[in-house]
Amino acid sequence: MYDTKSDQMYRFMENEESEGQPRSNQAPRTLISMENIWKTYQMGVEQLHALRDVSFQVEKGEYLAIIGPSGSGKSTLMNLIGCLDSPSKGNYWINGNLVSDMTDDELARIRNKEIGFVFQTFNLLARATALHNVELPLIYAGMRAAERHEKAMQALESVELGDRVGHKPNELSGGQRQRVAIARALVNHPSILLADEPTGALDTKTSYEIMELFEKLHQEGNTIILVTHEHDIAERAHRIITIRDGKIEKDEKTK
Amino acid sequence: MDYTETLRLAISAIWAHKLRSFLTLLGMIIGMAAFMLVLSLLQGFKVYVDEKIAGIGSNSFSIQRFSFEDFKDTDSINAAQRLKKELTFDELDYIREHAKLIDKIGAKAGNTSRDVRVGSETLKDVGISGVEPVIGEIDNIDIDYGRYFTVTENNNSMRVAFIGSDVAKNLFPNGDVLGNEIYISGIPYRIIGVRVAKGTVFGQPQDNFVQLPIKTFGANFGGLRFSRSPYFAATSKKEVKMDDAVEEVRTLLRIKRKIPPGEKDTFGIVTPDAISGLIGSFTNTFGTVILFVPGIALFVGAIVIMNIMLVAVTERTKEIGIRKSLGARQADILRQFLFEAATLSAIGGATGLLLAFLLGYIVSKIAIPTVIPWWAAVISISVSAGVGILAGLFPAWKAAQLDPIEALRAE
Ligand SMILES: Nc1ncnc2c1ncn2[C@@H]1O[C@H](COP(=O)(O)OP(=O)(O)OP(=O)(O)O)[C@@H](O)[C@H]1O
Ligand SMILES: Nc1ncnc2c1ncn2[C@@H]1O[C@H](COP(=O)(O)OP(=O)(O)OP(=O)(O)O)[C@@H](O)[C@H]1O
Ligand SMILES: [Mg+2]
Ligand SMILES: [Mg+2]
């Protein structure tokens with residue numbers, strides 16, 4: 001069965017208390033906690049450090065923007081936060097649980113129920129329609145066909161794609177693909193929204209409409225982390241982290 | 001993810017590559033079709049034999065000069081020829097008189113091949129045999145027109161004939177058969193009955209024969225000796241076990257022939273059990289050998305499926321990454337690819353089965369009866385799905401193990 005929002009929150013909070021405790025007292029009680037994270041790629045003989053000794057914490061309910069020049073490691077960091085990648089060195093706790101200790105099924109559950117991820121490159125299933133793409137997270141959540149169909153339609157309508165549900169990604173414009181990716185990230189009503197340049201392909205007006213959707217989710221108590229190059233978008237956040245050459249250069253509260 | 005969803009996914013993935021799926025399955029289809037066809041031939045043969053035995057009556061057996069074992073090899077044939085003696089009417093009368101467990105017993109003789117003529121029409125190579133009237137009951141002969149022989153006709157060596165439907169059709173195209181005469185070796189015989197058509201079995205026409213009363217046959221075809229020596233067909237009484245009746249006849253014949261205890265029979269007795277046992281052992285050995293070849297085709301088909309599943313996993317690495325990033329568990333991915341392999345393979349199996357049905361239908365029209373037993377159909381689909389699961393296991397496991405971020409980076 002599909003968890004309602006309150007169930008999800010409740011379970012997530014319960015998790016924090018029951019499973020967070022037995023891990024030594026050093027386990028942080030914040031939602032996201034990164035400690036001396038390194039991500040290193042071995043390119044032939046050379047080592048490429050995409051992230052160097054990154055540490056920071058994110059509380060539940062924060063609204064955080066990550067900015068920085070191209071190639072500075074933003075997407076690398078987002079993949080780590082989203083439990084898709086693992087660090088070369090350092091510890092990452094989500095909700096008090098060390099991610100490297102979690103089983104594959106636990107990680108899959110978190111990706112499915114807690115996290116909504118808008119990828120910089122969209123990552124839509126090329127063979128599937130917009131509707132089916134948005135339905136995917138609900139399928140893996142075990143929701144019945146009729147119900148998930150309705151939810152996916154709602155999500156697509158909220159990004160103004162109600163008239164493109166039957167299109168495959170290659171039958172959509174760049175901006176429309178991005179909006180499908182956003183609808184897919186929002187459809188499961190995630191408690192953590194990770195958005196990697198979610199408005200990169202959108203015009204200003206559409207961008208603002210999308211941002212309003214994000215902010216509505218935030219007002220409901222969920223956490224938003226987004227990567228952006230656009231200043232006006234970053235300024236809407238309550239905290240901005242600036243990354244340069246894989247290091248945190250600045251971490252400031254703006255609201 | 002539930003099973004209907006997984007199945008839907010599998011079918012759409014297979015459908016997305018129709019031609020490739022078909023080519024992949026060709027080996028499987030041919031293997032399965034060959035397998036089922038061979039099986040259906042063997043089964044058809046068995047059913048035919050069983051029917052034949054049931055037609056004769058499961059309580060009937062025959063007493064002959066030779067038994068089955070005598071034809072094992074040339075040595076036993078030679079030995080049997082020295083040892084075994086022709087049966088006589090004296091012996092028949094002796095059994096008839098003394099047996100208590102026998103219901104009916106009668107003599108037959110022949111099959112001699114002769115031309116049969118009516119007017120200017122000649123039918124070549126018709127099987128001619130002689131029978132006692134009681135054979136009509138022992139062999140459960142179905143009469144289409146007319147009647148079977150009477151005792152008087154036999155006792156007086158009357159020139160009457162009971163014929164097969166092919167002889168009737170070929171010599172009397174206008175259908176007026178009864179009472180007309182046929183000529184065999186220049187002697188006329190009056191037709192008194194026609195048997196119901198049996199068609200061909202294993203390419204052998206069953207309706208190309210003429211039966212005469214056994215005395216008539218003996219009188220006109222050179223005496224009931226050598227290849228025309230009589231043999232007996234008998235049925236046991238309903239209330240007794242056939243084995244007991246067989247034993248009784250054996251004992252009586254041994255007494256009549258004065259065979260000392262401990263010495264071998266100088267005659268043979270053939271029971272339905274002996275026939276079906278012999279044929280059963282033949283089809284079993286033959287079947288094992290001949291099913292081995294399509295078995296190999298199935299095995300090769302399985303390898304081809306494994307190969308295409310490996311290709312599919314590589315091709316769809318990105319898709320797997322996307323699914324994992326959205327919450328697919330290893331079990332979901334494993335199941336997705338296993339289902340795909342199983343569905344693919346089951347489609348191959350079902351298509352092969354269909355092909356076998358069609359071929360079997362054509363074969364039974366032309367030559368041999370074929371039967372695809374329902375259990376074989378069920379097994380073939382399950383086996384092919386099972387083969388698919390086995391073949392899909394490794395590729396699916398590989399897919400499930402993929403690292404989400406590595407998979408997402410694939411193009
Ligand atoms: N799989 C990889 N193998 C090797 N190097 C990589 C790999 N992924 C990323 N990098 C390198 O790591 C660095 C950080 O990449 P990342 O994608 O995080 O940048 P970014 O900050 O998101 O940039 P952009 O704003 O252009 O999206 C880059 O120099 C990139 O070349
Ligand atoms: N292959 C296709 N099949 C059906 N509809 C299509 C196809 N390609 C584009 N479209 C539709 O045509 C319209 C224009 O698409 P186009 O890609 O030209 O938009 P665009 O102006 O480049 O938008 P964007 O700024 O988002 O890139 C869109 O509504 C899109 O859904
Ligand atoms: Mg990036
Ligand atoms: Mg465009």
Side-chain angles (χ1 to χ4, degrees), chain A residues 1 3 39 41 50 75-76 78-87 103-129 132-145 148-149 168-169 181 184-185 187-188 190 194 196, chain B residues 1-21 308 311-340 343-344 396-411:
Chain A
M1 254 335 273
D3 296 40
K39 183 72 196 182
Y41 293 109
S75 295
T76 308
M78 290 295 262
N79 288 336
L80 286 171
I81 300 174
C83 300
L84 294 171
D85 205 353
S86 44
T103 66
D104 184 81
D105 279 7
E106 281 170 333
L107 290 173
R109 197 196 68 83
I110 288 187
R111 288 180 205 128
N112 184 236
K113 302 238 159 134
E114 312 297 353
I115 296 176
F117 206 128
V118 184
F119 294 94
Q120 190 173 12
T121 50
F122 312 152
N123 286 339
L124 300 175
L125 280 190
R127 283 196 292 121
T129 62
H132 188 77
N133 265 292
V134 176
E135 275 184 300
L136 280 174
L138 305 178
I139 289 177
Y140 290 113
M143 194 188 285
R144 280 179 303 108
R148 68 169 191 252
H149 195 79
K168 295 197 174 137
R184 188 180 64 186
V187 74
N188 231 357
L194 302 174
D196 197 347
Chain B
M1 183 147 74
D2 61 23
Y3 288 96
T4 43
E5 201 57 48
T6 316
L7 187 64
R8 197 176 307 161
L9 197 60
I11 289 169
S12 78
I14 292 165
W15 192 246
H17 301 283
K18 285 176 278 291
L19 182 62
R20 183 168 94 177
S21 303
I308 209 71
V311 171
V313 169
T314 312
E315 257 178 7
R316 276 148 62 190
T317 303
K318 174 103 177 174
E319 174 190 326
I320 295 162
I322 293 172
R323 289 180 183 278
K324 286 199 151 189
S325 78
L326 299 175
R329 293 168 303 147
Q330 289 188 346
D332 292 320
I333 303 292
L334 189 80
R335 204 191 301 157
Q336 176 184 341
F337 283 92
L338 276 186
F339 256 62
E340 197 172 315
T343 309
L344 189 67
W397 177 81
K398 260 187 74 170
Q401 294 299 313
L402 283 176
D403 182 52
I405 195 74
E406 292 298 332
L408 273 176
R409 282 197 190 111
E411 262 323 319

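The sequence lines fix the lettering, A, B, ..., with proteins before strands; numbering per chain opens at 1.
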Discussion item. Please determine whether side chain to side chain contact (heavy atoms under 4.5 Å, CB included) holds for the pair R148(A) and E5(B), giving the CA-CA distance in whole Å, both sets of side-chain angles, and the decisive distance to 0.1 Å.
Written reply: CA-CA 12 Å; R148(A) 68 169 191 252; E5(B) 201 57 48; 2.7 Å; yes
Fill in: K168(A), NZ atom: more than 12 neighbouring heavy atoms under 6.0 Å
no
Looking only at heavy atoms, which two atoms of [X] and [Y] are closest? And how far apart?
X	Y	value
S12(B)	R127(A)	O-NH1, 4.2 Å
A328(B)	A108(A)	O-CB, 3.8 Å
G327(B)	Y140(A)	O-CB, 3.8 Å

With rounding to the nearest 0.5 angstrom, report the [atom1] to [atom2] distance, [X] to [Y].
X	Y	atom1	atom2	result
L326(B)	L136(A)	CG	CG	6.0 Å
N112(A)	D332(B)	CG	CG	9.0 Å
R409(B)	N79(A)	CZ	CG	6.5 Å
R323(B)	N123(A)	CZ	CG	13.0 Å

Worksheet item: Relative to chain A, which segment of A407(B) carries a heavy atom at a distance below 4.5 Å: side chain, backbone, both, or neither?
Response: neither
Practice prompt. Check step by step if side chain to side chain contact (heavy atoms under 4.5 Å, CB included) holds for L84(A) and K324(B).
Written response: CA-CA 9 Å; L84(A) 294 171; K324(B) 286 199 151 189; over 6 Å; no
Worksheet entry | D104(A) portion near chain B, given a 4.5 angstrom heavy-atom threshold | side chain
Worksheet item: Contact part of L107(A) toward chain B, heavy-atom cut-off under 4.5 Å: side chain, backbone, both or neither?
Response: neither
